[in-house]
Amino acid sequence: MKLLRVGAVGQERPAALDADGRLVDLSGVATEIDGAFLADGGVEVARAAVAGGELPVLADSALRTGAPITRPGKIVCVGLNYADHAAETGVEPPAEPVLFLKAPNTVVGPNDRVLIPRGSVKTDWEVELAVVIGRTARYLDSDAEALACVAGYAVSNDLSEREFQLERGGQWDKGKSCETFNPLGPWLVTADEIPDPQDLGLRLSVNGRRRQDGHTANMFFPVAEIIRYVSRFMVLEPGDLINTGTPAGVALGLPDPKPYLRAGDVVEVEIDGLGNQRQTVGEAT
């Protein structure tokens, strides 16, 4: 099932796509798509309501698509998780997953405007498979336990400001947590529709030019291992988000002069079976 949230910023309502691809209103059976919804059987309630065929159809094609979940409790990110990306940045393959946290208020809708931070000259793109957690995960022992904690998957653009991240000292977080730096969606695709998260193509284009064209099979640490690993260091809760890393083709890895994002650029992002995004780049004022 594909779950989403539609409406103006701060006024989104829960919705779903039915078997005919129509957008139907879930607000009669769910108040939000959040951690509580995922933990309390909301997906199955929504599935039954959609299958019943009696939900009102949202016919307004101009409705904005918001992020498919409300603000997550935390965003856990995995760095250098693709062999080709590690190679292009000149970094040795990590012995263990490289983890960092991203501010939850970076999450915006899939087609919302992305803002280049004040003073930024190195804002970069990163297509990533996002994992949405659906049940509490702590001290997991097996891949099966880990995948059982997945509510679903979504497209993520894990934007980064490379100067802030790599040249200003301290941890990566300040180059990752600028406003609008995590477009998410358009949908939360439930886990049953993605039998193998390691069999998905990821692509990103800037101004119509393909920059990233990767595959989740090339992750150093697959989704199940990431979840199991993270659960050893922090408790994952329903509604939390994991960005699982990006393939080669980011601006940082390209020859000089590196084509970092500028106002007016258009970024298009897609993952097999999970939909696509389109962002126009602006500037923070």
Side-chain angles (χ1 to χ4, degrees), residues 1-7 10-18 24-52 55 65-78 99 101-110 128-156 182 184-195 197 222-244 273-275:
M1 183 167 58
K2 295 178 176 65
L3 299 168
L4 64 163
R5 298 166 63 250
V6 295
Q11 300 177 29
E12 296 92 343
R13 70 177 77 176
L17 295 181
D18 69 10
V24 295
D25 189 353
L26 286 179
S27 57
V29 296
T31 57
E32 256 300 4
I33 300 175
D34 55 11
F37 170 88
L38 298 172
D40 295 339
V43 170
E44 293 311 314
V45 171
R47 193 190 309 277
V50 172
L55 294 174
T65 300
I69 59 172
T70 56
R71 182 185 297 189
K74 56 182 170 290
I75 305 173
V76 182
C77 299
V78 184
L99 302 182
L101 296 177
K102 188 165 189 163
N105 64 356
T106 57
V107 171
V108 294
E128 304 206 8
L129 172 65
V131 179
V132 179
I133 299 298
R135 66 174 70 170
T136 300
R138 58 185 299 275
Y139 297 113
L140 302 176
D141 291 319
S142 69
D143 288 354
E145 286 181 301
L147 292 177
C149 294
V150 177
Y153 302 93
V155 181
S156 180
N182 205 133
L184 187 68
W187 315 307
L188 167 60
V189 180
T190 53
D192 59 292
E193 288 201 16
I194 307 296
V223 168
E225 186 173 352
I226 290 169
I227 297 169
R228 181 170 52 80
Y229 181 85
V230 172
S231 79
R232 294 293 188 176
F233 299 95
M234 65 188 82
V235 177
L236 293 168
E237 298 177 330
D240 284 350
L241 188 69
I242 301 177
N243 286 336
T244 57
L274 301 181

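Being a predicted model, the structure only gives us computed values, none of them experimental. Counting begins at 1 with the first residue of the sequence.
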With the side chain counted from C-beta on, respond yes when V189 and I194 share a heavy-atom pair under 4.5 Å apart, and no when they do not. yes
Using the side-chain hydrogen bond (donor to acceptor under 3.5 Å, both in side chains) criterion, which residues pair with S27? Sequence neighbours excluded. D25
Spacing of CD belonging to E44 relative to CZ belonging to R47, to within rounding of 0.5 Å: 4.5 Å
To check you understand the geometry: which heavy-atom pair defines the closest contact between A67 and V108, and what is its length? CB-O, 3.7 Å
Determine whether R228 and D143 satisfy the following criterion, side-chain contact (heavy atoms from CB on, under 4.5 Å), listing intermediate values before the conclusion. CA-CA 7 Å; R228 181 170 52 80; D143 288 354; 3.4 Å; yes
side-chain contact (heavy atoms from CB on, under 4.5 Å) assessment of V235 paired with E237: CA-CA 6 Å; V235 177; E237 298 177 330; 4.2 Å; yes
Flag the pair V76 / D240 as yes when at least one side-chain heavy-atom distance between them is below 4.5 Å, and no otherwise. no
State the CG-CD1 distance between L4 and I33, to the nearest 0.5 angstrom. 6.5 Å
Identify, with sequence neighbours excluded, every residue that meets side chain to side chain contact (heavy atoms under 4.5 Å, CB included) alongside F233. Y229
Qualifying side-chain hydrogen bond (donor to acceptor under 3.5 Å, both in side chains) pairs with a residue from residues 131-141, counting only residues at least two apart or across chains: D141-R232
With distance as the sole test, does E12 use its side chain to make a donor-acceptor pair with the main-chain N or O of G10 at under 3.5 Å? yes
Mind checking salt bridge (Lys or Arg N to Asp or Glu O under 4.0 Å) for D40 and listing every partner two or more places apart, or none if nothing turns up? none
Give me the atom names and distance for the closest heavy-atom approach of A154 to G185. CB-N, 4.4 Å
Heavy-atom closest contact (A191 atom, Y153 atom, distance): CA-CE1, 4.1 Å
Measuring from atom CD1 of I227 to atom OG1 of T244, what distance do you get when rounded to the nearest 0.5 angstrom? 9.5 Å
Ignoring hydrogens, what is the shortest heavy-atom contact between C149 and A137? Give both atom names and the distance. SG-CB, 3.8 Å
Measuring only between side-chain heavy atoms, which start at C-beta, is M1 closer than 4.5 Å to V43? yes
Mind checking side-chain hydrogen bond (donor to acceptor under 3.5 Å, both in side chains) for E32 and listing every partner two or more places apart, or none if nothing turns up? R5
Working to the nearest 0.5 Å, report the span between CD1 of I69 and CG of L184. 6.0 Å
Heavy-atom side-chain contact between K74 and L241 under 4.5 Å: no
Output for pair (W187 CH2, L17 CG), nearest 0.5 Å, gives 6.5 Å
Within the 4.5 Å heavy-atom criterion, are P68 and L3 side-chain neighbours or not? no
Between P14 and A30, the two heavy atoms sitting closest are CG-O, 3.2 Å
Heavy atoms, side chains only, cut-off 4.5 Å: are V107 and R71 in contact? no
Go through it in stages, so that I can follow the logic: the residues are L26 and V50, the test is side-chain contact (heavy atoms from CB on, under 4.5 Å), and I'd like the CA-CA distance, side-chain angles, deciding distance and then a yes or no. CA-CA 8 Å; L26 286 179; V50 172; 4.1 Å; yes
Taken in chain and number order and not counting sequence neighbours, the residues that satisfy side-chain hydrogen bond (donor to acceptor under 3.5 Å, both in side chains) with N243 are S156, N182
Between atom CG of L99 and atom SG of C77, what is the distance when rounded to the nearest 0.5 Å? 9.5 Å
Any side-chain to backbone donor/acceptor pair from D34 onto T70? Under 3.5 Å, distance only. no
Shortest non-hydrogen contact from L140 toward A146: CD1-CA, 3.7 Å
